[in-house]
Amino acid sequence: MPPVVVPQHSILWFRKGLRLHDNPSLLAAIKGATHLYPVFILDPWFLKPDVVGVNRLNFLLDSLTDLRSSLQARGSNLLVLRGNPQEVLPRVWKDWNITRLCFEADTEDYAKERDGKITAAAKESGIEVISCVSHTLYNTRDVVAKNGGKAPLTYKGFEKAIAALGPPEPPAEDPPAKLPPIGADSKGTDSEKTGVPSVRELGYPDEASTDIKGGETEALARLAEQLSDKAWVAAFEKPKGDPTAFIKPATTVLSPHLKFGCLSPRLFYEALQRVYSEKKEHSKPPVSLLGQLLWREFYYVVAAHTPNYHRMEGNPICKQIPWDDNEDFYRAWEESRTGYPWIDAIMAQLRRTGWMHHLARHCVACFLTRGDLYVSWERGRDTFDRWLIDGDSSLNTGNWMWLSASSFFYQYFRVYSPLTYGKKYDPEGKYVKHFLPILKDYPAKYIWEPWKAPLKVQEDAGCIIGKDYPAPIVDHDEASKRCIQRMKQAYDCQPGKAAQPVSKPAAKRLGRNMQDGSPMSKRMKRSN
DNA sequence: ACAGGGTTGGTGGA
DNA sequence: TCCACCAACCCTGT
């Protein structure tokens, strides 16, 4: 090792990865450093209520507060700065005589562009730049390389690629109890000006309306709590949860912590493996808890390596579908005015708490797009992106393409009913009564289909359908049949696909009947 | 060309 | 709780 001649002044730039555990960028930043400047920059680009909802912002601020006290406990601090990082960072690295800039790699479009520019500027100023992969289990490029240079488009393909890579790196070691100090005489580091603001101070009119709390401390406690029920972990299968459970959700609700990096995916992975190793039998991907973590990874890989991933146009993996540009339908869906209590309650839960069960997300996504309203998935994606605390753009866009049968999933004739799940899991209607209090006095018999209630019942419940609560915006049976037909048409008209004068089953039917003497299938017997 | 599979559909019947 | 059926998709691998 050559002797250190220049004092090392490092900036550790937090963006996601709001944690001290499994933080290789932190370890890189403190290596041989005399001074460490942990920084978070509030970028006005996303600090707008119509881009980031108040509940997600609040979660972020919680996380910063927690991170700040963890750093303070180690003799450091978190400096919360404001402005465009491309202006803020060059200013402070000059003020602080910075020699090294460290941050966690981020594969999202906005971040890639931002980080590319900042890296170039830093290098020009003679600053060493180190960026580490710790938001995902693997470097997405490695997964792509193992899949022949393309992003895998099926889970199976993805599984194959990561199997070839072997298990992910274990979490990085914990940072030392004492971190290098912040330079005392440096400009712009006084605690008053670099504290964590409130949502009001950032111009948000309302306080948060959710119980979901952010921060590494909270994340680790939640991880420990969720994984303490080992039988539950071992038995977990995603499609089997109760989407109407809202007091105690049917899933871990670790997703917001993974989104902001309060929880390391590699720590989660390791903790899951530990539980599985103690159990004789346990569920497996894709439905297991580990499977859920791998789905996250899958979408990160595809998002990072697909041009125009976040829109339909110019997106090579996305079906080109002429969705209706129906603003009224979209608004009604977003504002819980479809007249279907199941759909409207889910959207109310989204706006109020910033979280809904996975299957509930499926139901409203299907309803907005291919199931009923035939509105573009991009609109729904934007709504989720705004309100979901765990709104993570790679996953969110991927799931919307999935649910709208635009990519990954193509069985567009499997349509979710806007009644079934509510009736099945919550026959009493507790869920809908909680989130749509206007319906709280409806008898259970009509709670999922209030328009079927006789007028007398509506009056007694103090809620007239069509006046106090909307009548159904569409007839689901009619709308879904029509949507399926339109999807079929759209699929037939994909660019590069030959025109099909006769549908395949019809052609098959004709062909078999006329040409060979093979026994008719059951279906043939029935249809003839 | 074709079979098999695809994280999570709904309905109706045994 | 487990079928078959509805109408029938795409992608992957052979």
Side-chain angles (χ1 to χ4, degrees), chain A residues 147-148 150-161 235-244 250-251 283-299 302 316-321 342 356-367 369-372 395 398-399 401-425 448 476-498 500 502-509 511-512 515-516 518 521-527:
Chain A
N147 192 56
K150 300 170 299 187
L153 296 177
T154 61
Y155 193 82
K156 276 266 165 345
F158 169 77
E159 275 182 325
K160 240 175 142 175
F236 183 95
E237 290 187 20
K238 189 57 157 289
K240 290 190 179 163
D242 174 359
T244 70
T251 54
S283 54
K284 300 259 155 56
V287 295
S288 63
L289 273 181
L290 175 62
Q292 305 313 303
L293 185 61
L294 297 180
W295 276 107
R296 172 182 184 272
E297 193 80 6
F298 169 75
Y299 285 126
V302 182
I317 69 168
C318 184
K319 293 281 182 197
Q320 303 299 301
I321 295 167
W342 173 235
M356 322 91 98
H357 186 273
H358 189 70
L359 287 177
R361 301 181 193 202
H362 280 212
C363 289
V364 294
C366 181
F367 190 88
T369 58
R370 67 182 168 84
D372 292 83
L395 283 64
N399 276 313
M401 285 198 277
W402 184 296
L403 261 299
S404 63
S406 295
S407 197
F408 311 115
F409 170 87
Y410 307 96
Q411 288 156 284
Y412 55 76
F413 40 85
R414 291 188 178 177
V415 175
Y416 289 93
S417 154
L419 307 174
T420 314
Y421 280 92
K423 280 185 182 173
K424 179 176 168 190
Y425 286 101
W448 299 111
H476 171 70
D477 289 334
E478 253 172 50
S480 57
K481 282 200 181 82
R482 183 164 149 70
C483 281
I484 289 170
Q485 287 315 306
R486 295 182 73 182
M487 288 297 288
K488 179 177 170 47
Q489 215 169 16
Y491 270 37
D492 284 344
C493 296
Q494 289 308 298
K497 183 172 168 143
Q500 299 212 335
V502 187
S503 71
K504 262 189 189 170
K508 253 188 211 168
R509 196 153 49 229
R512 278 202 197 155
Q515 288 166 14
D516 59 38
S518 67
S521 69
K522 274 184 196 165
R523 196 200 311 129
M524 305 314 328
K525 279 178 192 160
R526 286 180 62 88
S527 62

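- The cationic group of K488(A) does not satisfy the cation-pi geometry with Y412(A), failing either the under 6.0 Å distance to the six-membered ring centre or the 45° limit from the ring axis.
- The residue K156(A) sits close only to the backbone: its heavy atoms come under 4.0 Å of sugar-phosphate atoms, none of a base.
- The nearest whole Å value for the distance from the CZ atom in F158(A) to the C1' atom in dG6(B) is 17 Å.
- Considering every non-hydrogen atom in both S283(A) and A235(A), the closest pair reads OG-C, 4.0 Å.
- Between K160(A) and dG13(C) there is a side-chain N or O to OP1 or OP2 distance below 4.0 Å.
- As rounded to whole Å, 19 Å separates atom P of dA8(C) from atom OH of Y410(A).
- The aromatic rings of Y421(A) and W342(A) lie parallel to each other, with less than 30° between the two planes, well short of the 60° mark.
- Distance K319(A) NZ to dC10(C) C1': 7 Å, rounded to the nearest Å.
- Rounded to whole Å, the distance from OH on Y491(A) to P on dA7(C) is 19 Å.
- Of the residues in residues 288-299 of chain A, those with a non-hydrogen atom less than 4.0 angstrom from any atom of DNA chain B are Q292(A), W295(A).
- Side chain of Q292(A) to backbone of P286(A): a donor-acceptor contact under 3.5 angstrom is found.
- Of the residues in residues 413-423 of chain A, those placing a heavy atom less than 4.0 Å from an atom of DNA chain C are F413(A), in numerical order.
- Computed from coordinates, the D492(A) CG to dA7(C) P distance equals 17 Å when rounded to whole Å.
- Rounded to a whole Å, the CH2 atom of W342(A) is 14 Å from the C1' atom of dG9(B).
- Remark: the separation of the P atoms in dG5(B) and dC3(C) is 16 Å, to the nearest Å.
- One interatomic measurement links the two molecules: NZ of K238(A) to C1' of dG6(B), which rounds to 17 Å at whole-angstrom precision.
- When heavy atoms are screened at a 4.0 angstrom cut-off, K284(A) is found touching no nucleic acid atom at all.
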For this session: With pairs defined as Watson-Crick or G-U wobble and both distances under 3.5 angstrom, please note down DNA chain C as a dot-bracket string, | for pairing with another strand.
Result: ||||||..||||||
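- Counting to the nearest Å, the C1' atom of dG4(B) and the CD atom of Q411(A) are 12 Å from each other.
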